Q: 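I am attaching a structure below and will ask some questions about it afterwards.
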Amino acid sequence: MSQNNPQLTPDELQEWQKKITIANLHNIFCHCRKCNKEWVASTEENCSCGSTEVERILCWQFPDD
């Protein structure tokens, strides 16, 4: 078992971390602080209004329900 998370074996922890990394690459919730537009992207991009003031939250942090 892992010292940081005793519920997972080292292999299970590695697999979980890999899945989180993949999710982070494809599911970024974006919110423009200038025009309030919201979208989901797979890269860190600027808003279509031209603003670079974009808040980015990784979607895996949201509950499924």
Side-chain angles (χ1 to χ4, degrees):
M1 298 288 162
S2 167
Q3 289 180 341
N4 294 334
N5 190 343
Q7 293 100 7
L8 302 176
T9 67
D11 288 341
E12 290 170 333
L13 178 61
Q14 184 177 13
E15 182 65 23
W16 178 79
Q17 290 171 329
K18 181 180 175 183
K19 289 178 181 180
I20 295 296
T21 298
I22 291 169
N24 288 347
L25 293 175
H26 302 289
N27 299 296
I28 303 169
F29 174 79
C30 303
H31 170 252
C32 179
R33 291 184 174 120
K34 183 177 180 182
C35 74
N36 286 321
K37 180 179 177 181
E38 297 176 339
W39 69 98
V40 174
S42 59
T43 60
E44 290 190 7
E45 54 189 49
N46 294 335
C47 183
S48 59
C49 77
S51 176
T52 58
E53 295 181 43
V54 177
E55 176 183 24
R56 296 172 182 89
I57 303 171
L58 303 175
C59 289
W60 67 265
Q61 296 180 31
F62 293 99
D64 288 338
D65 52 25

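In what follows, residues are counted from 1 in the order of the sequence shown. Keep in mind that what you see is a predicted model, and the values were worked out from it rather than measured.
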Q: Can you confirm whether R33 sits close enough to V54 that some side-chain heavy atom of one is under 4.5 Å from a side-chain heavy atom of the other?
A: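 R33 vs V54: side chains apart.
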Q: Just distance, no hydrogens or angles: give the donor-acceptor pairs under 3.5 Å from side chains in residues 41-50, sequence neighbours left out.
A:
from: E45; atom 1: OE2; to: W39; atom 2: NE1; distance (Å): 2.9
from: S48; atom 1: OG; to: K37; atom 2: NZ; distance (Å): 3.0

Q: Does the side chain of I28 come within less than 4.5 Å of L58's, by heavy atoms?
A: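 L58 reaches I28 side chain to side chain.
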Q: Please find the pair of heavy atoms, one from E55 and one from I57, that lie closest to each other, and give the distance.
A: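 Taking E55 first and I57 second, the nearest heavy atoms are OE2-CD1, 4.0 Å.
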Q: Is the number of heavy atoms from other residues, nucleotides or ligands within 6.0 Å of CD (Q14) greater than 12?
A: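 Result for CD/Q14: open.
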Q: Roughly how far, to the nearest 0.5 Å, is the CD atom of E53 from the SG atom of C32?
A: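 So the gap between those two atoms works out to 7.5 Å.
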